[in-house]
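Quick notes on the structure that follows.
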Amino acid sequence: AQSVTQLDSQVPVFEEAPVELRCNYSSSVSVYLFWYVQYPNQGLQLLLKYLSGSTLVKGINGFEAEFNKSQTSFHLRKPSVHISDTAEYFCAVSVPTGTASKLTFGTGTRLQVTL
Amino acid sequence: EPEVTQTPSHQVTQMGQEVILRCVPISNHLYFYWYRQILGQKVEFLVSFYNNEISEKSEIFDDQFSVERPDGSNFTLKIRSTKLEDSAMYFCASSEAVRSYEQYFGPGTRLTVT
């Protein structure tokens, strides 16, 4: 079975500062990795994904994440955050099966951006 | 841009009642999912559905739950004899055949059982 750990439940940061949201996963097989964002009262929106290839992946809204197989991590970064980035961020994994693959989520990190 | 829609946005029901949560997946998608998020907890997988049958279900998805695709557009989650602990946000998601790993989520239905 797979599991995802997001060590930080909340991350406060000032606007225009850099941020890193941490994600570690556990799996005995290769996985796909995802970051989703949930704005207040909205559904989950895919930020970025890692399937294979380059370990640095770029997503929407200026976010990027780096896959580190040896450390089983997939940390999310943004060099300069904006107030509008305030949201809940979820890291997730799935096992590529070629058919419907469930997502296993972490507990989420609330990013709070202030002036 | 196509999106997954869910109705109602908020459902209040009494314990023991049956509820049906409705979802309209993106039109060319073939894989459908339900997840739930109890307040303050993580998003949990309930069930996946493909070709008119359940592909996988979690331990949570017991006989109290059922899913159905009654026509070419809707995908429903039925919860029989609701319990207080069923109170949660329920998310529907869908994915296309070629990129089945990329799931698109609806805005959710908040179910409150009183």
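Below, all heavy atoms of this structure are taken into account, side chains as well, without hydrogens, waters or symmetry copies. This one's a predicted model, so the numbers in the text were calculated from it and none came from an experiment. Sequence lines set the chain letters: A, B, ... in the order given, protein chains first and strands last, and positions in each chain run from 1.
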For A/T107 versus B/K42, what's the shortest heavy-atom pair and its separation? CA-CB, 3.7 Å
For the student: nearest non-hydrogen atoms of A/F34 and B/Y101, plus distance: CZ-O, 3.4 Å
[X] and [Y]: same hydrophobic cluster, using ILVMFWY side-chain contacts below 4.5 Å?
{"X": "B/I38", "Y": "B/L84", "value": "no"}
{"X": "A/V37", "Y": "A/V11", "value": "yes"}
{"X": "A/F14", "Y": "A/V19", "value": "no"}

Side chain to side chain contact (heavy atoms under 4.5 Å, CB included) between B/Q37 and A/F90: does it pass, once the steps are laid out? CA-CA 12 Å; B/Q37 183 182 28; A/F90 293 94; 3.4 Å; yes
With heavy-atom distances below 4.5 Å as the criterion, would you say the side chains of B/F105 and A/L103 are in contact?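 Heavy-atom side-chain distance check passes, below 4.5 Å.
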Would you indicate whether [X], at its atom [atom1], is surrounded by more than 12 heavy atoms from other residues, nucleotides or ligands within a distance under 6.0 Å?
{"X": "B/E59", "atom1": "CD", "value": "no"}
{"X": "A/E16", "atom1": "CD", "value": "no"}
{"X": "B/L39", "atom1": "CG", "value": "no"}
{"X": "B/D63", "atom1": "CG", "value": "no"}
{"X": "B/R22", "atom1": "CZ", "value": "no"}

Side chain, backbone, both or neither: which part of B/Q103 has an atom under 4.5 Å from a heavy atom of chain A?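 Contact with chain A is through both the backbone and side chain of B/Q103.
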Toward chain A, the part of B/S95 with a non-hydrogen atom under 4.5 Å: neither
Find the distance between NZ (A/K102) and OG (B/S58) and round it off to the nearest 0.5 Å. 7.5 Å
Only pairs of heavy atoms separated by less than 4.5 Å count here; which of B/Y33, B/F49, B/F91, B/Y104 has the most with chain A?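 Option with the top pair count is B/Y33.
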So which part of A/K49 gets closer than 4.5 Å to some heavy atom of chain B, the side chain, the backbone, both or neither?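 Contact with chain B: side chain only.
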Chain B contact via A/E88 - side chain, backbone, both or neither, heavy atoms under 4.5 Å: neither
Apply side chain to side chain contact (heavy atoms under 4.5 Å, CB included) to A/F105 and B/F45, showing your working. CA-CA 9 Å; A/F105 285 88; B/F45 168 78; over 6 Å; no
